[in-house]
K.L.:
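Pasting a structure below so you can have a look.
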Amino acid sequence: MENLKRFRQGLLSWYKNSHREMPWRTEPTPYRVWISEIMLQQTQVTTVVAYFLRFMEAFPTIESLAAATEMDVLRAWEGLGYYRRAKNLHAAAKEICRKHSGKFPRQFDDILALPGIGRYTAGAISSIAFQNQKPILEGNTIRLFARLQNIQGDVSLPATQNLLWSFAESLVANSRRPGDINQALMELGNQICTVKNPHCISCPVIQHCDAFLNGDPSKLPNKPRKIQYESLMEAAIVVRRNKKTLVRLCLPGDRWAGLWDFPRFSISEPTDSMTLNRLLQQTYGLRARSLTPEFRIKHAVTRFRIELHCFWAEGVTGKTESKTPVRWVNDQQLHSLPLSATGRRMLEFKR
DNA sequence: AACTCGGGGCA
DNA sequence: TGCCCAGAGTT
């Protein structure tokens with residue numbers, strides 16, 4: 001117990017001097033903390049900051065978010081990835097207006113019940129915005145705790161997870177500053193207890209670290225994983241006619257569901273314009289006088305590394321027909337539609 | 001328990 | 001090129 005007190009003290013005094021400034025930290029209202037936590041899921045802080053500021057400007061309150069269209073929310077989210085987060089965020093805002101009179105719920109169980117909020121996020125919001133003594137567990141703290149406790153077991157196993165959650169709970173139990181403790185733990189994991197080459201010499205809780213004293217922190221956590229990438233080739237066409245551009249809606253189940261994209265085809269080898277024109281004809285009922293290969297974009301999504309061959313179509317004729325939803329949009333509409341990140345990048349390349 | 005969902009940072 | 005990032009929801 002005396003040990004715990006020293007741990008917290010060392011942690012918090014380090015945090016006080018070493019934490020990074022973040023917009024949601026300067027004004028941690030429940031709404032702002034909520035938005036930040038959703039954006040931060042599987043996404044680095046530096047990436048989130050700009051999105052957060054823009055999002056707060058577009059949707060300053062829960063009510064304004066609930067009143068927006070899903071398309072506008074997705075447009076604000078464009079480029080962040082994991083677009084289901086934006087849809088759940090939107091749904092949760094509506095739910096808060098309906099069930100909680102537009103006021104973000106204070107009870108942990110009510111927070112946890114909102115779509116897109118799991119145990120981590122509920123704990124983070126609860127502790128940071130409401131000073132409830134709720135634990136958190138995520139990438140940084142899993143690594144930190146595995147080292148502090150010298151846990152050898154696979155951290156993805158439920159048994160190990162229970163152990164880690166219990167430890168997380170013990171760190172905030174009966175604390176006056178659970179939110180700061182949780183944020184300090186993550187900050188420590190990010191800055192000091194890093195994946196590679198942890199900076200143990202600068203660690204404020206080194207004397208509490210079982211792995212440092214009796215093992216090897218750099219060998220933890222044990223997380224047997226096997227990401228195998230598959231290489232794909234795709235062709236995308238920007239089809240213009242009468243100053244309008246053809247876009248299609250990505251359907252539930254395929255990539256970027258709910259976002260808009262340009263006509264896109266899976267190809268097995270670099271494609272000539274004739275083959276591509278045939279695909280364009282078959283799928284959209286259109287033919288192009290010329291299909292010009294403009295550039296190639298390499299990008300990775302989840303398990304796939306994709307080489308995207310981008311084409312521009314000119315002299316387009318035919319009647320638009322498609323089994324999936326398509327629209328011809330002018331440039332202003334194109335700007336306001338949520339596109340995939342690579343879709344948006346294609347437009348910038350052309351410019 | 002395994003899969004899916006984006007995109008970018010970093011060694 | 002592989003691993004990771006303030007995970008959640010579905011199968």
Side-chain angles (χ1 to χ4, degrees), chain A residues 19-20 22 24-25 28 33-52 74 77-89 91-92 111-129 134-145 154-161 165 168 179 181-191 193-197 218 221 223-231 250 252-259 261 297-306 308 338-345:
Chain A
H19 73 88
R20 293 165 290 176
M22 302 175 194
W24 48 90
R25 279 184 174 163
V33 172
W34 172 40
I35 301 300
S36 73
E37 288 300 338
I38 301 299
M39 287 187 171
L40 286 163
Q41 288 170 6
Q42 296 294 287
T43 309
Q44 301 196 146
V45 170
T46 52
T47 304
V48 164
V49 171
Y51 281 92
F52 177 83
L74 284 172
W77 204 268
E78 184 188 287
L80 258 184
Y82 286 128
Y83 298 94
R84 188 171 54 185
R85 293 184 295 176
K87 298 177 196 170
N88 282 334
L89 197 65
I111 300 174
L112 186 61
L114 294 169
I117 296 186
R119 188 172 176 186
Y120 161 77
T121 304
I125 298 172
S126 195
S127 63
I128 297 170
K134 295 292 181 181
I136 56 150
L137 190 65
E138 42 65 72
N140 290 306
T141 49
I142 288 173
R143 184 174 61 254
L144 174 66
F145 297 164
D154 179 349
V155 293
S156 69
L157 295 176
T160 314
Q161 289 269 314
W165 274 110
I181 289 178
N182 282 337
Q183 292 187 82
L185 290 167
M186 294 189 279
E187 193 79 56
L188 186 65
N190 175 277
Q191 292 190 36
C193 202
T194 48
V195 179
K196 290 175 185 173
N197 305 321
S218 65
K223 199 187 301 186
R225 57 163 56 76
K226 41 188 185 257
I227 306 172
Q228 47 197 13
Y229 285 100
E230 192 178 332
S231 292
C250 304
D254 52 350
R255 220 162 20 153
W256 301 313
L259 276 68
D261 193 17
I297 299 175
K298 294 188 179 188
H299 66 112
V301 287
T302 320
R303 288 182 300 112
F304 304 107
R305 296 190 183 286
I306 301 174
L308 180 62
L339 293 180
S340 68
T342 52
R344 187 66 64 187
R345 211 186 310 169

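As a basis for the values below, the full set of heavy atoms in this structure was taken, side chains included, without hydrogen atoms, waters or symmetry mates. Just so it is clear: chains get the letters A, B, ... in the order the sequence lines come, proteins before strands, and each one is counted from 1.
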K.L.:
Just to be sure I understand the geometry, which residues of residues 119-126 of chain A put a non-hydrogen atom under 4.0 Å away from DNA chain C?
P.N.:
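Hits under 4.0 Å, by residue number: A:R119, A:Y120, A:T121.
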
K.L.:
If I take atom CD1 in residue A:I117 and atom P in nucleotide C:dA6, what distance separates them, rounded to the nearest angstrom?
P.N.:
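Atom CD1 in A:I117 sits about 19 Å away from atom P in C:dA6.
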
K.L.:
Please report the distance, rounded to the nearest Å, between CG in A:L112 and C1' in C:dA8.
P.N.:
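One finds 11 Å between C1' of C:dA8 and CG of A:L112, rounded.
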
K.L.:
Parallel, tilted or perpendicular: which describes the rings of A:W24 and A:F52, with under 30° parallel and over 60° perpendicular?
P.N.:
perpendicular

K.L.:
Assign A:R143 to base, sugar-phosphate, or nothing according to its heavy-atom contacts below 4.0 angstrom with the strands shown.
P.N.:
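Answer is sugar-phosphate: A:R143 comes under 4.0 Å of backbone atoms only.
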
K.L.:
Please give me the minimum heavy-atom distance between A:R255 and A:C250, naming the atom from each residue.
P.N.:
O-CB, 3.4 Å

K.L.:
Among A:L40, A:I35, A:I38, which one satisfies side-chain contact (heavy atoms from CB on, under 4.5 Å) with A:V48?
P.N.:
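It is A:L40; the other options fail the test.
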
K.L.:
Rounded to the nearest Å, what distance is computed from the CG atom of residue A:N88 to the P atom of nucleotide C:dG9?
P.N.:
6 Å

K.L.:
Whole Å only: how far is the CD atom of A:E187 from the P atom of C:dA6?
P.N.:
9 Å

K.L.:
Using atom CD of A:E37 as one end and atom P of C:dC5 as the other, report the distance to the nearest whole Å.
P.N.:
15 Å

K.L.:
Any chance you could list the contact pattern along nucleotides 3-11 of chain B? Use B for base contacts, S for sugar-phosphate-only contacts and - for none, protein heavy atoms under 4.0 Å, 5' to 3'.
P.N.:
-SBBBSS--

K.L.:
Rounded to whole angstrom units, what separation is found between the NZ atom of A:K298 and the C1' atom of C:dG2?
P.N.:
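So the two atoms are 16 Å apart, to the nearest Å.
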
K.L.:
Without decimals, in angstroms, what is the distance between A:N140 CG and C:dG7 C1'?
P.N.:
12 Å

K.L.:
Just the rounded figure in Å: distance from C1' of C:dC5 to CG of A:L144.
P.N.:
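The answer, rounded to whole Å, is 16 Å.
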
